[in-house]
**Student:** 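Okay, handing you the structure first.
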Amino acid sequence: MLDIKQIRNQTEQVKAALGRRGDYDLSSLLALDAQQREIEKTRSDLQASSNEVGKSVGQKMRGGADPKSDEIKALKDEGNRLKQEISELEPKERELKVQIESILLTLPNLPSDSTPEGKSEDDNVEVRRWGDELIDADKTCLPHYEIGEKLGIMNFERSVKVAQSRFVTLIGAGAALERALISFMLARHTDAGYTEVLPPILVNSDSMQGSGQLPKFAEDGFKCDRDDLWLTPTAEVPLTNLHREEVLTAEQLPINYCAYTPCFRREAGSYGRDTRGLIRLHQFNKVEMYKFVHPDSSFNELEKLTADAEDVLQQLKLPYRVLELCTGDLGFGATKTYDLEVWLPSAGKYREISSCSNCVDFQGRRANIRFKESGKKGTQYVHTLNGSGLAVGRTMAAILENYQQADGAIAVPEVLQKYMGVDVIK
RNA sequence: GGAGAGGUGGCAGAGUGGUCGAAUGCGCUCGACUUGAAAUCGAGUGUACCGAAAGGUACCGUGGGUUCGAAUCCCACCCUCUCCGCCA
């Protein structure tokens, strides 16, 4: 959520920054805000008078005044009159606040100054590449889902029977490889100083709003209606909300979490895309990294977070590139994002496998997560960052394709061998 | 799911209609005493919004109601705990 004060006081800057992402009209928001403030001022003055009246009645009564005296009666009448006036303003003020809030909740975060200009993913800027492509795109290279089905380690058809399309069942070495990847990633991150968390994966609507999924993206989520619970689309949701409505101390920061969770997405609006394989499923596994940090360090922390995600790919010796997202492709809550794309030889292109974002105070304000610096008055919102480290299914896809051997077997990446207990899948 | 108890400041805990944003204790900060520390003593110590400031408003789980006035009374809801039932 954006800061209404900033919108009010630095309107032109906010407009310009939002304008880089799309078309946003702030005039009605500002008008509502001005109205609300005026009503609030009037109401709180009336309230002060009313409190005065109440106090003086109390004083006189204790002083032995007759409750039926004209003096007391006059005060009560005055109190009633004020109450009447206040009660007329209150609903208006409340309504205005609701309207303002609902507009604020739909405004995306402001892009950072360094975020490149652009309309779509085509305008993202490549920052660097890493690794040699193990397999030439020219060479006959099977897509991961064909490899998987041939080896009997994944099954899509039966998953349709069990659930529906866009689900997978992993079997034998496939299931073991997925588990090995999760363990390996978590081990890597905990070594790097992240605390492992296994959070609830059903989350309530307040949590979904706190991290930015609601109200705007309700269509993307799976919901258990009877209970006001949603299946988490990403561990970012429970991790953000772990500290919702809290005031942390500056000494507690930074807080670094990593978490493995299944993730659930409807993938509405992507019916034709990536219909086969592990790339776009309704349910997938992900290891997420998450940071709560001091505002001074969040951009620096984004570089570290991205490096921690890259480290997983490097350990697995998977070629990848790093993109900085342009204004048109930036996620709703993010101010600056690096995407990691892994090389998929069957497609002859790089595919997103991680997204690392600095949300600055956007989620902190939404979820009311603050911190206090000793000696300083008041509180500040924490900055939050999230990054996949990594999407597990897509990592498996990359491994199957990049590590396939001439005989159709899959070499197990060295760092996974101790988790798998074998060095080849055939 | 059934029965009962309860939700008050960082924590513990008092407060059952008025001067209560809230006693007291602990914690924390500053000061005094001390060679230093402990102990002791003194002062201070919530958050948000409005305001240049003085100051004002709101907040005692949440939302409504009664009243001139609500932490306190009434209604609804939420949550937590204990016991029973069910259960990985």
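Keep in mind it's a predicted model, so treat the numbers as computed, not measured. Labels below follow one simple rule: chain letters A, B, ... track the order of the sequence lines, proteins then strands, and each chain is numbered from 1.
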**Student:** Does B/rA58 have OP1 or OP2 sitting under 4.0 Å from an N or O in the side chain of A/S44?
**Tutor:**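 A/S44 to B/rA58 OP1/OP2: no side-chain N or O under 4.0 Å.
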
**Student:** Could you write out each protein N or O paired with an N or O of nucleotides 69-77 of chain B at a distance under 3.5 Å?
**Tutor:**
from	atom 1	to	atom 2	distance (Å)
B/rG69	OP2	A/K83	NZ	3.3

**Student:** Should the pair A/E93-A/R43 be classified as a salt bridge under the 4.0 Å nitrogen-to-oxygen rule?
**Tutor:**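 Here A/E93 pairs with A/R43 in a salt bridge, since their nearest N and O are under 4.0 Å apart.
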
**Student:** Check the interface with nucleotides 49-53 of chain B: list each N/O to N/O pair with the protein under 3.5 Å, or write none.
**Tutor:**
from	atom 1	to	atom 2	distance (Å)
B/rC49	OP1	A/K5	NZ	3.4
B/rC49	O2'	A/E40	OE2	3.1
B/rC50	OP1	A/R8	NH2	3.0

**Student:** Between A/E146 and A/K150, is there a side-chain N and carboxylate O pair less than 4.0 Å apart?
**Tutor:**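 The answer is no: the pair does not qualify as a salt bridge.
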
**Student:** What does the list of N/O pairs under 3.5 Å between the protein and nucleotides 86-88 of chain B look like, with a distance for each?
**Tutor:**
none

**Student:** Would you call A/D123-A/K119 a salt bridge at under 4.0 Å N-O?
**Tutor:** no

**Student:** For B/rA48, does either OP1 or OP2 sit under 4.0 Å from a side-chain N or O belonging to A/R370?
**Tutor:** yes

**Student:** Just to confirm, is there a sub-4.0 Å distance from OP1 or OP2 of B/rC68 to any side-chain nitrogen or oxygen of A/K73?
**Tutor:**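 A/K73 to B/rC68 OP1/OP2: no side-chain N or O under 4.0 Å.
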
**Student:** Looking at B/rC68, B/rG56, B/rA48, which one has an atom nearest to any side-chain atom of A/M61?
**Tutor:**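 Per side-chain heavy atoms of A/M61, the pick is B/rC68.
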
**Student:** Could you work out the separation of B/rU40 and B/rG56 based on their P atoms and round it to a whole Å?
**Tutor:** 37 Å

**Student:** Under 4.0 Å, heavy atoms only, any strand: does A/R81 hit a base, just the sugar-phosphate, or nothing?
**Tutor:** nothing

